[in-house]
Visitor: 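Please find one structure pasted underneath; my questions will follow.
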Amino acid sequence: MTMPASAESIPVGTLCRRCVLPHAPPDIWLDAEGICNICHNYDREVATAPKDERGLLETDFLKILDKHRGKHEYDCLCMLSGGKDSTAALYYVKERYKLNPLVFTFNHGFVPDEHLESARRTVKKLGVDWIYFHTPFMKDMFRKIVQTKSKVVICPVCSLWYMLKTYEIAAMFDVPIIVSGWTKGQTTGGSRSVLSKCACDQNPDEFRAMSQATREFMDKHVRTDPKYKDFPRNMDEVLKIAKKKYKSKAIVLSPHWFVPGGPEEYVPIIKEKLGWDYPARSYPKKSTNCDLNFLATKRAIRDYGYSVYHIEMANLIRMGLITREEALALLETDFDPAILDDIYSKLGTPSESLA
Amino acid sequence: MIVLGISCYYHDGSAAIIRDGEIVAAAQEERFDREKYSPAFPIQAINFCLQQAGVTIYDVDEVAFYEKMYLKFERTIISHLIGWPFTFRNFLDTMPLWLKDRLAVSFAVEDELSFKKPVRYIKHHLSHAASAFLVSPFEEAAIMTVDGVGEYACATWGSGHGTRIDIRQEMHYPHSLGLLYSIFTAFLGFRVFTGEGKVMALAEFGEPDYLDKFRQIIDLRPDGSFRLDTRYFSFNKGETMHNKRFEELFGPPRPPGPDFTDRHYAIAASLQRMTEEIVLTMARHVHEQTGLNKLCLAGGVSLNVTANSRIREEGPFDDLFIQPAAGDAGAALGAASYVYHALSGRPRGPVMHSAALGPEYKDRAIEVLLRNSGARYRRLERDELLAETARRIADNQVVGWFQGRSEFGPRALGNRSILANPANPDMKDHLNRVVKHREPFRPFGASVLRERVGDYFEFDGDSPFMLLVARIRPDKLGSIPAVTHVNHTSRIQTVTPEHNGIYYDLIAEYYRQTGMPMVLNTSFNKKEPIVNTPDEALACFNDSGMDCLVMNQFLVERNDR
């Protein structure tokens, strides 16, 4: 879709009347009715979907699982942050789908103890094997992101690293399926795209600027650093490395894409069965994301007017899983500035102005 | 023990699940894939049933299929051979369906569901019989099943005792009342499956002047069995199932469209009378042979409300139970019930008092939809909601009513319904023209308080699934024109607080406000299958002439008024 002339007069940052994305041309722009092109893209995709195409079903998930069930020491590798989504995904895999998972939690140094404790408690209750991986490997890169004043967003860069690690571990243990806790909102391009690209497509309009900044940052600051010379530039390179270097053919899936509803369904279950609860602090509210998210979100909003969480919430609104008002409340960045100071301190770099 | 029942590949693809004797869920695939009478493997209905039961396929002990496909294939092949070479075209058309789907049910179950154990195949009419008897309130009863065709059988009768079902007699293809009705449905210019109800409505406008001609093509015997004179039909041989000789007897077929002549009314009336005569004769014979005083009915012909009512009023039985999903949808439930109770010997479960076995949606899901779609709505407390809705119906507003779990079977029974004032003489035309966009001659049913049914109808008893008609009392004629058919009857649903919950309360409130113990009830749809989700309800509401929509506790107003 081409941006209409009427969009030029709309103040940057004006929110879409339907979702929570702001007017941020050229990638995201509002039409005369105040609806963004991303919402229109979504509607077009729904309207042009083949008549016989249906959404993903739980039996589709089981079909994939059953191709591999019992053929390896571990049926799948579960990525566990300790948050509600990954905890529920692990619970489903173990209890509902009766698989034997290997669980993997990474810590780049910014994961609060509370989250790690939640993960520890979950794996203990479920009696599953767990790899906990703690490394300062990414710290220099995070510091570089802040110091170079790059517009690169921390989370996509971090996701390149942890997905590469995940593939490496999957290959190491010969695990055929990687199970994440990604929500329906963390997918782009509909169900066909989810299954063919493992939801790792970061090329839609709403990600374009961030992806471009990531590539530029990689070329300019990362690849030139001997420590990170082999670091992938994007998710396509992650997949290539996984395939060629690690010989991993593992596919990435989230049970949340295949079962109806969302947290309102599974949070009560994990609370009851695993004693799970929301952490004291995390961004967005009711999430269990690492502390870097506070900084990443503030910077992304400064540079783009929105963050990856705005994209996720916008998706959830379009899918009818959350109201716009609820999303706006969850996305409020009214967190304590002391948290940011703490992160800067850990990074060993002076605070920036993030007004 | 958990048993999953499945029907598909002809029409009414459906799934049902029984857990520890209880029917936990049942749904038709059409509600999900939005294709009326969808024949598809009911993958979405199955997913719903499993999730409603809180299990996955790994927890399911048995999968039951509603017919024996190889036996049916055998009959099909024999039928083609008998008519060869005139059946060649039909043979070419149908064989791919057999080879791809119908003979590969086990593969589909394994591939689509990852269910590795053998599938239990239950004969088609036994599935129907089980769907009627094993969920009925009767410990023992006679059973009658009548439909188009299963494997060979087109109608059966027998008896049920506890968890045992004995089929004692079968009537075989092509001597089928269901097929006969469908042949005339097509002959009268309607689509098979969707048009049978229209023929039934049309019948009341004419006199059965063609009964003698029907007796020429049907040889009805004292036991209710009959033989069609196959010289008048062309099964598997061409575009239509009737032939030239048939047209010499009944005249040319009616082309689709709005025009009807007295001949069309008379043929429909004669067909209907013949149907009633056959099932009534059959019921009398079954009673005589079994000596039982209660009767269970299933099979597509049991959706014929006039015939059912004649069995009830003129037949020898004291009580009736009719499976609400009497067509092949219910056979999925029947197959599951048969495996659970009859084959596994487990005791009978709760009686099927309600057809509300489909999906339901929480307030939150509805409010998210309403907020995000910019709908004009209010959340009301229960009493306020009932009072406001009743007032609007009394003010001649047409109300979309979406509550609780959707109904299993073809009838909307107060969970996915459109409601209106039965006393308004213009309401029938308004609904047919503006809301439902359907033929003007089609009548609407009434949902009436069970304890007040006798106030308006010559009827005393239960009709919980709207599968019976009742004659309107002479002193009430003209008082409920929107639900009065041309023959002064009405298709009725009796509602009770035990089984209809908030729907009963609404009609009770309507009665309190107006003195009228009933509302007009028609299915919540417009051409497409009955709405299933709040999104579909809102879309149907916005695209129709309904005045307001009630979903759970939310009252939605039109944005364009």
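Since we're looking at a predicted model, the values are computed, not measured. Naming convention: chains lettered A, B, ... in sequence-line order (proteins, then strands); numbering from 1 in each chain.
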Visitor: If you measure from CD on B:Gln44 to CZ on A:Arg54, what distance do you get to the nearest 0.5 Å?
Guide: 6.0 Å
Visitor: Would you call A:Glu265 and B:Lys362 a salt bridge, taking side-chain N to carboxylate O under 4.0 Å as the test?
Guide: yes
Visitor: Counting only heavy atoms not in A:Lys286 (residues, nucleotides, ligands), do more than 12 fall under 6.0 Å from its NZ?
Guide: no
Visitor: Using the ring of B:Tyr58 (Phe, Tyr or Trp, six-membered ring only), decide whether A:Arg69 places NZ or CZ under 6.0 Å from its centre and within 45 degrees of its axis.
Guide: yes
Visitor: Does the side chain of A:Glu326 reach to within under 4.5 Å of the side chain of B:Arg364, using non-hydrogen atoms?
Guide: yes
Visitor: I'd like to know whether NZ of A:Lys271 has more than 12 heavy-atom contacts from other residues, nucleotides or ligands below 6.0 angstrom.
Guide: yes
Visitor: Going from CG on B:Leu113 to CG on A:Leu62, what distance comes out if it is rounded to the nearest 0.5 angstrom?
Guide: 9.0 Å
Visitor: Just wondering, are more than 12 heavy atoms of other shown residues or ligands nearer than 6.0 Å to NZ in A:Lys285?
Guide: yes
Visitor: Answer yes or no: does atom CD of B:Glu381 have more than 12 heavy-atom neighbours from other residues, nucleotides or ligands under 6.0 Å?
Guide: no
Visitor: Using heavy-atom distances under 4.5 Å, tell me whether A:Glu95 contacts chain B through its side chain, its backbone, both, or neither.
Guide: neither
Visitor: Identify which of B:Ile46, B:Ile43, B:Asp33, B:Leu369 forms the greatest number of heavy-atom pairs closer than 4.5 Å to chain A.
Guide: B:Ile43
Visitor: Measure from the side-chain N and O atoms of B:Asn372 to the backbone N and O of A:Gly320, and report whether any donor-acceptor pair falls under 3.5 Å.
Guide: no
Visitor: Decide if atom NZ of B:Lys526 counts as having more than 12 heavy atoms of other residues, nucleotides or ligands within a radius under 6.0 Å.
Guide: yes
Visitor: If you count heavy-atom pairs under 4.5 Å with chain A, which of B:Asn47, B:Asp111, B:Asp535 comes out on top?
Guide: B:Asn47
Visitor: Given a strict heavy-atom distance threshold of 4.5 Å, which part of A:Arg17 is in contact with chain B: side chain, backbone, both, or neither?
Guide: neither
Visitor: Does any non-hydrogen side-chain atom of B:Gln51 lie less than 4.5 Å from one of A:Val259?
Guide: yes
Visitor: With a sphere of 6.0 Å drawn around CZ of B:Arg376, does it hold more than 12 non-hydrogen atoms of other residues, nucleotides or ligands?
Guide: yes
Visitor: Measure the shortest side-chain to side-chain distance between B:Leu50 and A:Glu58 over non-hydrogen atoms and say whether it is less than 4.5 angstrom.
Guide: no
Visitor: Does any backbone or side-chain atom of B:Glu35 lie under 4.5 Å from a heavy atom of chain A? Answer side chain, backbone, both or neither.
Guide: neither
Visitor: Is it the backbone or the side chain of A:Lys98 that comes under 4.5 Å from a heavy atom of chain B, or both, or neither?
Guide: side chain
Visitor: Please determine whether side-chain contact (heavy atoms from CB on, under 4.5 Å) holds for the pair B:Arg371 and A:Glu325, giving the CA-CA distance in whole Å, both sets of side-chain angles, and the decisive distance to 0.1 Å.
Guide: CA-CA 9 Å; B:Arg371 272 194 174 276; A:Glu325 291 76 11; 3.6 Å; yes
Visitor: How far does CG of A:Asp60 sit from CD of B:Glu112, to the nearest 0.5 angstrom?
Guide: 7.5 Å
